[in-house]
Amino acid sequence: MQHQRTDTEVWASIDHEARRQEAQLELIASENHASAEVIAAMGTVLTNKYAEGYPGRRYYGGCEYVDEVEVLARDRAKALFGSKFANVQPHSGTQATLGALMALADPGDTVLAMSLDHGGHLSHGHPKNASGIFYRFEHYGVERGDERISMDAVRAKALECRPKVIVAGGSAYPRTIDFAAFAEIAREVGAKLLVDMAHISGLVAADLHPNPVPHADAVSSSTHKTLRGPRAGFVLTNDREVNKRINSAIFPGSQGGPLMHVIAAKAIGFREAASAEFKAYVRAVLDNARILAETLGERGLRIVSGGTDNHLMLVDVSSVGLTGDVAENALHAVDLTCNKNLIPFDEQPPVKASGVRLGTPAITSRGIDADDTRRLGHWIADVLAAPDDASVRARVKGEVAELAAARPIYPNEPAARAIAAARA
Ligand SMILES: *Cc1c(COP(=O)(O)O)cnc(C)c1O
């Protein structure tokens with residue numbers, strides 16, 4: 001859509017952010033670079049439309065075209081993940097998880113989820129999140145030895161606290177999650193199973209992680225992480241009654257009008273994720289994650305749980321005498337963006353932490369390959385071995401800039417052209 005840029009202040013910030021994304025390499029495991037088509041759908045007149053309710057049952061007139069969009073998004077989500085029902089209205093992953101919780105439990109009920117400091121998520125019972133305010137959360141973690149979830153320990157905890165809902169899924173767990181084993185425990189203790197696949201939904205879409213849909217009563221997700229859609233969420237189920245409760249929990253339970261422009265972008269994202277190209281992309285994400293973990297390990301950095309099965313890893317930077325905040329800042333200084341992260345049984349407070357979380361979804365979206373990733377691993381190790389060494393910093397920053405310029409995210413956008421021109 002043609003528009004004038006009269007608001008110079010806001011457009012300047014947007015342009016700077018576009019340049020920042022092109023110039024830096026994004027290693028934040030929860031971020032990605034959506035396609036230009038996904039982004040374009042969000043900047044359309046669909047933002048003008050009120051569509052409270054669901055397709056065919058709206059509280060507003062004039063919904064015939066947004067109905068088409070929502071039905072497309074719903075059908076594509078169902079086909080992609082093999083579910084009978086889908087709700088594509090959640091504004092975010094947190095809203096999706098909250099809606100699913102509201103469908104499966106009553107306020108005050110006990111919910112068992114992964115603890116936040118072992119890789120869970122704030123929507124899994126943080127005391128200041130609605131989940132933690134309205135439900136009584138109990139938590140399981142990983143084991144001290146192998147730093148993995150022990151299904152025996154989850155079972156013991158479930159037998160002890162008798163939850164109404166068990167939640168599987170997290171935001172910093174680098175290993176494959178056994179949904180069948182979670183479902184068996186849920187059945188044994190009479191709990192419902194909610195899988196929050198926010199981080200791994202792209203892997204599931206590509207058939208490169210087991211699909212939770214056949215095992216769970218409900219599956220919540222974000223759309224903007226490995227799935228590479230717009231910033232939003234959705235919920236799946238195979239159970240007609242649960243689906244009714246999910247629909248009611250999302251609208252009117254916890255949201256008003258749906259963001260139809262974002263739902264259009266979700267529909268486009270689901271279509272992209274069903275392609276052979278997307279499957280090849282996810283395979284490259286996993287290869288790059290394994291190569292990055294191996295390279296860092298060879299350079300003496302301890303990888304939590306000894307490696308990764310998915311798109312992310314936790315690097316224990318105490319193994320080279322650093323804290324997470326220092327490592328994050330040192331990498332930021334060379335245009336590598338990541339976040340400090342608690343590691344299991346961390347002795348540092350969250351503001352320092354002993355780890356950094358690294359993920360490969362975003363760098364892989366801009367075409368970074370196995371050889372690039374190996375070099376990147378060595379640059380990270382070089383910086384973390386000498387975080388105060390200005391000459392190391394200058395060299396790595398130059399190498400990062402060269403690689404970023406060679407792998408533009410949006411090659412036809414002004415930000416990418418400016419960076420390419422500056423390096424030519
Ligand atoms: C990212 C994430 C979410 C959703 O996050 P939003 O920022 O609300 O979209 C939910 N659960 C888990 C496990 C996550 O990692």
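Just follow the structure's listing: the first ligand is 1, and inside any ligand the first atom is 1. What you see is a predicted model, and the numbers here were worked out from it, not measured in a lab. Numbers here simply count residues along the sequence, with the first being 1.
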Short list, please: which atoms of ligand 1 are under 4.0 Å from a heavy atom of [X]?
| X | answer |
| --- | --- |
| Asp196 | 10 (C), 11 (N), 12 (C), 13 (C) |
| His224 | 9 (O) |
| His199 | 15 (O) |

Whether over 12 other heavy atoms sit under 6.0 Å from Glu188 CD: yes
Exceeds 12 heavy-atom contacts within 6.0 angstrom, atom CD of Glu64: yes
Heavy-atom distances under 4.0 Å are what count here, so tell me which part of [X] touches ligand 1: side chain, backbone, both or neither.
| X | result |
| --- | --- |
| Arg231 | neither |
| Thr94 | both |
| Ala198 | side chain |

Point-to-point distance, once rounded to the nearest 0.5 Å, from CG of Asp371 to CG of Leu376: 12.0 Å
Atom pair CZ (Arg74) and CD (Gln89), whose distance is rounded to the nearest 0.5 Å: 8.5 Å
Close approach, Ser30 and ligand 1, non-hydrogen under 4.0 angstrom: no
Contact check, Lys225 vs ligand 1, heavy-atom distance below 4.0 Å: yes
Over all atoms of both residues, closest heavy-atom pair of Ile185 and Ala158: CG2-CB, 3.8 Å
Residues Thr97 and Asp196: side-chain donor-acceptor under 3.5 angstrom: yes
Asn129 side chain to Ser123 side chain, donor-acceptor N/O pair below 3.5 angstrom: no
Polar contact flag for Ala232 and ligand 1 (N/O pairs, less than 3.5 Å): no
Closest protein heavy atom (residue, atom, distance) for atom 9 (O) of ligand 1: Gly93 N, 2.8 Å
